[in-house]
Amino acid sequence: MYRRLIKELLEESPKLFIYIVFLMTLVGFLQAFSVIGIMPIVDLILNENTENASAPTLLITEILSNLSLPINVITLGSFYLLIVLIKSGILLYQQYVTSKFILHKMKTVIQELYRSFVEASWKFFGTKQYGALSNTVVGETLKATVAYESLAQIISTVLSLSFYIILAFLISWQLTFLTIGILILTFGPFWLIGRYVYKIRTMHTEAYNRFQGLVYDTLNGIKLIVGFSKRRTSLNNLDPITTTVADTGLRFAMVRTLINQLAEPITIIVVVIAVTLGQGYLNLTLGALFGFLYIINRSVFLVQNITGLRNELIASQPSLKQIFSLENEAKINKENCKINGEKS
C-alpha cells in the first residue's frame with residue numbers, strides 16, 4: 001500500500017514531489033542546526049574556558065571573529081535568532097507547498113473515483129450496496145487523505161530525526177547509542193500493534209458503509225416507514241451501527257492517547273541518564289550537554305510523532321483499500337459511452 005501511494009505521487013508530479021522532499025530535507029537540517037546556535041550562548045553565560053568549549057561553540061565563534069563581530073550574548077543571540085527565522089520561513093513555505101500538493105491529490109482521488117462510478121455499467125451497480133458506494137465517495141476519500149498527509153509528515157519527521165541523530169553523534173556517540181536503545185525498547189512495542197489498528201479501522205469503515213446504506217434506504221422508503229409506523233424499526237437498525245462506530249473510534253483514540261503520553265517519562269529517563277553519564281564519566285561541557293539534552297527532547301518527540309503517524313497511515317488503509325477496489329472494479333465494468341451519455 002505504501003509503495004502504491006509513493007508511486008502515484010511520483011507518477012503524478014515527479015518534479016514537485018522531489019522538490020517537496022528537498023524542502024523537507026532542508027527544514028530537517030535547519031531544525032538540527034538551530035540547536036548549534038544555542039550552545040555557544042550557554043558556554044558564554046557559564047563563563048567556561050573557550051579552549052574547553054564544545055566544537056560547535058568554537059566553530060561559531062570563529063565564524064563571528066572572521067566577520068569582525070564581537071563575541072557576546074547579543075551577537076550569539078542574533079545569530080541563533082537568524083537561524084530560527086530562516087528555518088521558520090522555509091518550514092512555512094514547505095508546509096504550504098506540501099498541503100497544496102496533498103489537497104490537489106485528494107481532489108484527484110475524489111474526481112477519479114466519482115468518474116469511474118458515473119462511467120460504470122449497470123452490472124457494476126447491480127452487485128453493490130449503494131451505502132458503500134456513497135460512503136466511499138463522501139467519507140472514505142476524506143479519510144484516505146490522511147494517508148497522504150501522514151506519509152508526507154513521516155518523510156519530513158524521519159529526515160529531521162536523522163539530522164538530530166547525526167548531531168547527537170557528534171556530541172557523544174556513547175550517549176546517542178544509549179538513547180537509541182531506550183527509544184527502541186519503549187516505542188518498539190507500539191510498532192507491533194499495526195494489525196490491531198488495521199482491524200478496528202476496518203470495522204469502523206464497514207460500520208460507516210452500513211450507516212450510509214441505512215440512511216439511503218430510509219430516505220428512499222420514508223413514505224413506507226411513516227405509513228406503516230416503522231420508525232422504531234429504523235432506529236433499532238441504527239443502534240448497533242453507531243455502537244460499532246463509537247467503540248472502534250474509542251479504541252483507536254486510546255491507542256493514540258497512550259502513544260502521546262510516552263514522550264514525557266521517556267525524556268525524563270534519558271535526561272537523568274545523560275546528565276549522570278555526561279558530567280560524571282564523559283566530561284562533556286555544559287554547553288554540549290545542554291545541546292544534547294535539547295536534541296534528546298526533540299528526538300523523543302519526533303519518534304513519538306513517527307509512531308503515531310504510522311498508526312494513522314495504517315488506520316487509513318481500509319479506506320484506501322475500499323477506494324482502490326471499487327474504482328478498479330468500476331473501470332473494469334466501464335460502460336462504452338461518452339461523459340455526456342452518447343454512445344461512442
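Put simply, I184 and I182 are part of the same group of oily side chains (I, L, V, M, F, W, Y) that touch within less than 4.5 Å, one to the next. With hydrophobic clusters built from ILVMFWY side chains whose heavy atoms lie under 4.5 angstrom apart, L185 does not share a cluster with I180.
Residues that satisfy the ring-ring contact (aromatic ring centres under 6.0 Å, His included) test with F169, not counting sequence neighbours, are F177.
With contacts defined as side-chain heavy-atom distances shorter than 4.5 Å, the pair T25/F163 qualifies. Contact of the N72 side chain with the L76 side chain is not registered, since no non-hydrogen atoms from C-beta on lie closer than 4.5 Å. Contact annotation: the side chain of L302 approaches that of S160 to within less than 4.5 Å [non-hydrogen atoms, C-beta and beyond]. For the pair T248 and R201, the minimum side-chain heavy-atom distance is 4.5 Å or more. Under the 4.5 Å side-chain criterion, counting only non-hydrogen atoms from C-beta, I20 is in contact with F101. Residues F117 and E112 have side chains not in contact (no heavy-atom distance under 4.5 Å, counting atoms from C-beta outward).
Atom CG of N209 is separated from atom NE2 of H204 by 10.5 Å, given to the nearest 0.5 angstrom. Atoms CG and CD1, from L30 and I83 in turn, are 8.5 Å apart once rounded to the nearest 0.5 Å. To the nearest 0.5 Å, the span separating CD1 on I296 from CD1 on I165 amounts to 9.0 Å. Atom OH of Y198 is separated from atom CG of L313 by 12.5 Å, given to the nearest 0.5 angstrom. Taking OG1 from T267 and CD from Q304, the interatomic distance works out to 8.5 Å, rounded to the nearest 0.5 Å. We find the OG1-CD1 distance between T186 and I266 to be 3.5 Å, quoted to the nearest 0.5 Å.
No donor-acceptor pair under 3.5 Å is formed between the side chain of D247 and the backbone N or O of T243. Checking side-chain atoms of T98 against main-chain N and O of Q95 turns up no donor-acceptor pair under 3.5 Å. Distance alone, capped at 3.5 Å, is enough to place a donor-acceptor pair between the T244 side chain and the P240 backbone. Put simply, the side chain of S34 never gets that close to the backbone of V84: no donor and acceptor are under 3.5 Å apart. A donor-acceptor pair under 3.5 Å is absent between the side-chain atoms of T202 and the main chain of P318, judged by distance alone. Checked by atom type and distance alone, the side chain of Y19 never pairs as donor or acceptor with a backbone atom of V97 at under 3.5 Å. For S88 (side chain) and L85 (main-chain N/O), no donor-acceptor pair under 3.5 Å exists by modelled atom type. No donor-acceptor pair closer than 3.5 Å links the side chain of S99 to the backbone N or O of Y96. In terms of modelled atom types and a separation under 3.5 Å, the side chain of S150 and the main chain of A147 share no donor-acceptor contact.
For residues 91-111, the salt bridge (Lys or Arg N to Asp or Glu O under 4.0 Å) pairs, not counting sequence neighbours, are E8-K105, E12-K105.
Smallest separation of non-hydrogen atoms from S172 and F292: O-CE1, 4.2 Å. Residues F79 and I60 share a closest heavy-atom pair of CE2-CD1, 3.7 Å. Nearest approach of N311 to V197, heavy atoms of both residues: O-CG1, 3.6 Å. Nearest approach of P70 to T75, heavy atoms of both residues: O-OG1, 2.9 Å. Closest approach of L293 to A274, counting heavy atoms only: CD2-CB, 3.8 Å. In plain terms, the two heavy atoms of L178 and I273 that are nearest each other are CD2-CG2, 3.1 Å.
Of the candidates L64, I63, T61, L64 is the only one forming a side chain to side chain contact (heavy atoms under 4.5 Å, CB included) with L69.
The pair K331-E119 does not count as a salt bridge, with every side-chain nitrogen at least 4.0 angstrom from each carboxylate oxygen.
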Practice prompt. Evaluate the criterion side chain to side chain donor-acceptor pair (under 3.5 Å) for residue pair E327 and S116; output intermediate values, then yes/no.
Written response: CA-CA 6 Å; E327 183 178 354; S116 68; 5.1 Å; no
- Verify side-chain contact (heavy atoms from CB on, under 4.5 Å) between T141 and M106, making sure each step is shown before the conclusion. CA-CA 7 Å; T141 49; M106 180 190 72; 5.7 Å; no
Checklist line | Y208/I241 under side-chain contact (heavy atoms from CB on, under 4.5 Å): CA gap, chis, key distance, verdict | finding: CA-CA 8 Å; Y208 260 109; I241 297 175; over 6 Å; no
side-chain contact (heavy atoms from CB on, under 4.5 Å) assessment of L161 paired with N305
CA-CA 11 Å; L161 180 62; N305 275 355; over 6 Å; no
